[in-house]
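Just so you know, residue 1 is the first one in the sequence shown, and it goes up from there. Both counts, for ligands and for their atoms, begin at 1 and track the order of listing. Below, all heavy atoms of this structure are taken into account, side chains as well, without hydrogens, waters or symmetry copies.
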Amino acid sequence: MSTTFRPDLLHGKVALVTGGGSGICKGIAAAFVAHGASVGIVGRKVERLEAAAAELSARGPGRAWALPGDVRDYATVEGIVDGLLERAGELHIVVNGAAGNFLCPAAQLSSNGFRTVLDIDALGTFNVSRAAFERALGQAGGSIINISATLHYGATMLQVHAAAAKAAVDATTRGMALEWGPAGVRVNGIAPGPIDDTEGVARLLPADQRERALRSIPLRRFGLIEEIADVALFLASDAASLITGTVIVADGGACLPQGMNLDSMG
Ligand code: HXC
Ligand code: NAP
């Protein structure tokens with residue numbers, strides 16, 4: 001494994017990563033395991049989750065456990081946190097990455113469709129953070145990392161539900177950072193831009209719009225899962241010991257252009 005960080009960066013640390021069975025958050029869980037952490041990964045699809053946990057454990061040097069469940073249900077989330085504490089004895093890092101999304105015009109979106117995305121992203125982030133704080137982080141301190149987006153910085157077509165959900169996630173990041181700082185808990189966010197080889201890009205960016213999207217990104221490329229994992233490693237580590245209440249945008253500058261199309265500037 002080649003890494004920018006010390007290979008034992010997270011040796012002895014225990015993390016809970018929701019959405020860790022796939023995509024970006026599987027990449028984050030893999031990076032944590034590769035740097036020595038023990039990681040519980042959460043998702044609803046049991047088979048996929050168990051396969052991911054087995055794959056990450058086989059790579060080591062840390063290990064991963066599959067902890068299936070739906071982050072929308074608080075009692076389930078309490079059981080997940082307890083399950084991880086039974087296995088690992090401690091919990092230091094939480095990554096809230098579970099999310100749901102699809103393209104839909106607001107005028108056609110059902111009330112339940114809007115609520116479903118809010119529930120997975122925002123309520124899920126609250127549930128997991130709240131249960132982890134009560135059972136572990138509130139006593140021993142720790143780091144919470146909420147995976148957000150840049151959809152709500154301006155406004156994004158067909159994304160009223162997801163933009164509202166991620167705005168709520170960012171507000172939760174700041175509020176919990178304020179309230180939980182005295183307990184030694186840092187709460188930060190990562191706002192990725194489009195990341196290659198992910199469900200998010202597959203769902204939101206039709207293949208025929210890829211080239212156009214690339215031309216509007218200052219760095220002229222989509223991100224890599226590993227690049228988001230590196231930001232998570234930094235935020236989870238002592239190198240970020242003074243950082244709380246911040247959302248790091250990692251998008252190659254994708255959210256910078258406003259009004260003027262970079263296409264026309266060569
Ligand atoms: C309109 C839709 C819809 C669609 C579902 N709904 N899909 N409405 N267009 N494509 C509506 C349903 O009709 C229903 O409302 C309500 O949403 C709930 O649908 P369910 O299927 O019952 O929900 P559930 O089984 O809980 O599944 C949640 C889900 C699903 C979000 C709909 O797609 C999912 O599980 N997604 C997880 C994976 C995922 O989305 N990954 C991408 C994350 S990427 P009614 O009224 O009919 O009952 C991401 C990127 C952000 O977040 C930024 C990128 C740049
Ligand atoms: P992904 O692979 O679909 O990841 C979403 C994960 O959340 C899945 O593993 C899914 O597993 C889990 N999940 C969904 N609903 C859940 C629930 N109710 N309870 C528990 N787990 C649930 O998508 P991704 O593209 O990698 O996105 C990961 C994160 O990055 C998300 O927060 C997303 O909003 C954010 N993001 C992505 C991009 C991008 O370009 N991909 C850009 C900006 C932000 P199950 O289906 O098994 O439950």
For this session: Give the atoms of ligand 2, by number and element, whose distance to some non-hydrogen atom of G69 is under 4.0 Å.
Result: 19 (N), 20 (C)
Seminar exercise, completed: To atom 14 (C) of ligand 2, the nearest of G124, A99, A162 on a heavy-atom basis is A99
Problem set entry | Numbering as shown, the atoms of ligand 2 that approach S22 to under 4.0 Å (heavy-atom distance) | 1 (P), 2 (O), 4 (O), 8 (C), 9 (O)
Exercise. With only distance considered, is A98 within less than 3.5 Å of ligand 2 through an N or O on each side?
Worked result: no
For this session: Find the distance between CE (M176) and OG (S129) and round it off to the nearest 0.5 Å.
Result: 4.5 Å
Seminar exercise, completed: Scanning both residues in full, the closest heavy-atom pair of V71 with N127 reads O-ND2, 2.9 Å
Seminar exercise, completed: atom 24 (P) of ligand 2: closest protein heavy atom, distance to 0.1 Å, is G200 N, 4.1 Å
Exercise. Any N or O of A149 that comes nearer than 3.5 Å to an N or O of ligand 2?
Worked result: no
For this session: State, yes or no, whether a side-chain contact exists between L67 and L84 at a heavy-atom distance under 4.5 Å.
Result: yes
Problem set entry | Beyond-backbone contact of F222 with I195, side-chain heavy atoms, under 4.5 angstrom | no
Please set out all donor-acceptor pairs under 3.5 angstrom arising from side-chain atoms of residues 4-14, sequence neighbours excluded.
residue, atom, partner, partner atom, Å
R6, NE, D8, OD1, 2.7

Exercise. Yes or no on side chain to side chain donor-acceptor pair (under 3.5 Å) for T3 and H35, after CA distance, side-chain angles and deciding distance?
Worked result: CA-CA 9 Å; T3 174; H35 289 81; 2.7 Å; yes
For this session: Look at ligand 2 and say whether K166 reaches it with a heavy atom at a distance under 4.0 Å.
Result: yes
For this session: Considering heavy atoms of the protein only, find what lies nearest to atom 46 (O) of ligand 2 and give residue, atom and distance to 0.1 Å.
Result: K45 NZ, 2.8 Å
For this session: State, yes or no, whether a side-chain contact exists between I145 and N96 at a heavy-atom distance under 4.5 Å.
Result: no
Seminar exercise, completed: Of all heavy-atom pairs linking G20 and I41, the shortest is O-CD1, 3.8 Å
Exercise. Closest approach of S57 and A64, non-hydrogen atoms and distance?
Worked result: OG-N, 2.9 Å
Exercise. Step by step, would you call V39 with L16 a side chain to side chain contact (heavy atoms under 4.5 Å, CB included)?
Worked result: CA-CA 6 Å; V39 182; L16 184 63; over 6 Å; no
Seminar exercise, completed: Quick note on ligand 2: atoms under 4.0 Å from a heavy atom of I147 include exactly 29 (C), 30 (O), 32 (O), 35 (C)
Exercise. Among protein heavy atoms, which sits nearest to atom 10 (C) of ligand 2, and what does the distance come to when rounded to 0.1 Å?
Worked result: R48 NH2, 3.8 Å
Exercise. Does S148 come within less than 4.0 Å of ligand 2, judged by its heavy atoms?
Worked result: yes
Exercise. Going through the checks in order, is the side chain to side chain donor-acceptor pair (under 3.5 Å) test met by N146 and T125?
Worked result: CA-CA 7 Å; N146 297 327; T125 294; 4.8 Å; no
Exercise. Taking all atoms of both residues into account, what is the closest heavy-atom pair of L91 and A132, and its distance?
Worked result: CD2-CB, 3.9 Å
Problem set entry | D238 atom CG, over 12 foreign heavy atoms within 6.0 Å | no
Exercise. Nearest to atom 29 (C) of ligand 2, what protein heavy atom do you find, and at what distance?
Worked result: G97 O, 3.6 Å
Exercise. Any N or O of V71 that comes nearer than 3.5 Å to an N or O of ligand 2?
Worked result: yes
Exercise. Does CD in E47 sit with more than 12 non-hydrogen atoms of other residues, nucleotides or ligands closer than 6.0 Å?
Worked result: no
Exercise. Does ligand 2 have any atom that is closer than 4.0 Å to a heavy atom of G27?
Worked result: no
Exercise. Roughly how far, to the nearest 0.5 Å, is the CD1 atom of I24 from the CD1 atom of I225?
Worked result: 6.5 Å
Exercise. In the protein, which heavy atom is nearest to atom 12 (C) of ligand 2, and how far is it?
Worked result: G19 CA, 3.8 Å
Exercise. In ligand 2, which numbered atoms sit nearer than 4.0 Å to a non-hydrogen atom of T198?
Worked result: 25 (O), 39 (C), 40 (O), 41 (N)
Problem set entry | 4.5 Å side-chain heavy-atom contact, Y153 and V249 | yes
For this session: Find all atoms of ligand 2 within a distance of less than 4.0 Å from any non-hydrogen atom belonging to P192, and give their numbers and elements.
Result: 42 (C), 43 (C), 44 (C)
Exercise. Within a strict 4.5 Å, meaning less than it, do heavy atoms of the I243 and F234 side chains meet?
Worked result: yes
For this session: Say whether I195, considering both its backbone and side-chain N or O atoms, lies within less than 3.5 Å of an N or O atom on ligand 2.
Result: yes
Exercise. How does K26 reach ligand 2, by side chain, by backbone, by both or by neither, if only non-hydrogen atoms under 4.0 Å count?
Worked result: neither
Exercise. Near P194, which atoms of ligand 2 are under 4.0 Å from a heavy atom of that residue?
Worked result: 40 (O)
When you check ligand 1 against the protein, what N or O pairs turn up below 3.5 Å? List the atom names and distances, or just say none.
residue, atom, partner, partner atom, Å
ligand 1, 15 (O), S110, OG, 3.2
ligand 1, 26 (O), R72, NH1, 3.0
ligand 1, 26 (O), R72, NH2, 3.1
ligand 1, 33 (O), R203, NH1, 2.8
ligand 1, 35 (O), R44, NH1, 3.4
ligand 1, 35 (O), R44, NH2, 2.6
ligand 1, 40 (O), N101, N, 2.9
ligand 1, 40 (O), N101, O, 3.4
ligand 1, 40 (O), R203, NH1, 3.1
ligand 1, 46 (O), S110, OG, 2.6
ligand 1, 48 (O), N112, ND2, 2.9

For this session: Measure the NZ-CG distance between K166 and N101 for me, rounded to the nearest 0.5 Å.
Result: 8.0 Å
Exercise. Counting from 1, what ligand 2 atoms have a heavy atom of G23 closer than 4.0 Å?
Worked result: 2 (O), 26 (O)
Exercise. With only distance considered, is I24 within less than 3.5 Å of ligand 2 through an N or O on each side?
Worked result: yes
Seminar exercise, completed: The protein heavy atom nearest to atom 42 (C) of ligand 2 is G193 O, 3.3 Å
Seminar exercise, completed: Quick note on ligand 2: atoms under 4.0 Å from a heavy atom of V201 include exactly 40 (O), 41 (N)
For this session: Look up atom CH2 in W65 and atom CZ in R87, then write down how far apart they are to the nearest 0.5 Å.
Result: 7.5 Å
Problem set entry | N/O separation below 3.5 Å, D121 to ligand 2 | no
Exercise. Which protein heavy atom lies closest to atom 18 (N) of ligand 2, and at what distance to 0.1 Å?
Worked result: D70 OD1, 2.8 Å
Problem set entry | Protein heavy-atom partner closest to atom 45 (P) of ligand 2 - residue, atom, separation in Å | R44 N, 3.5 Å
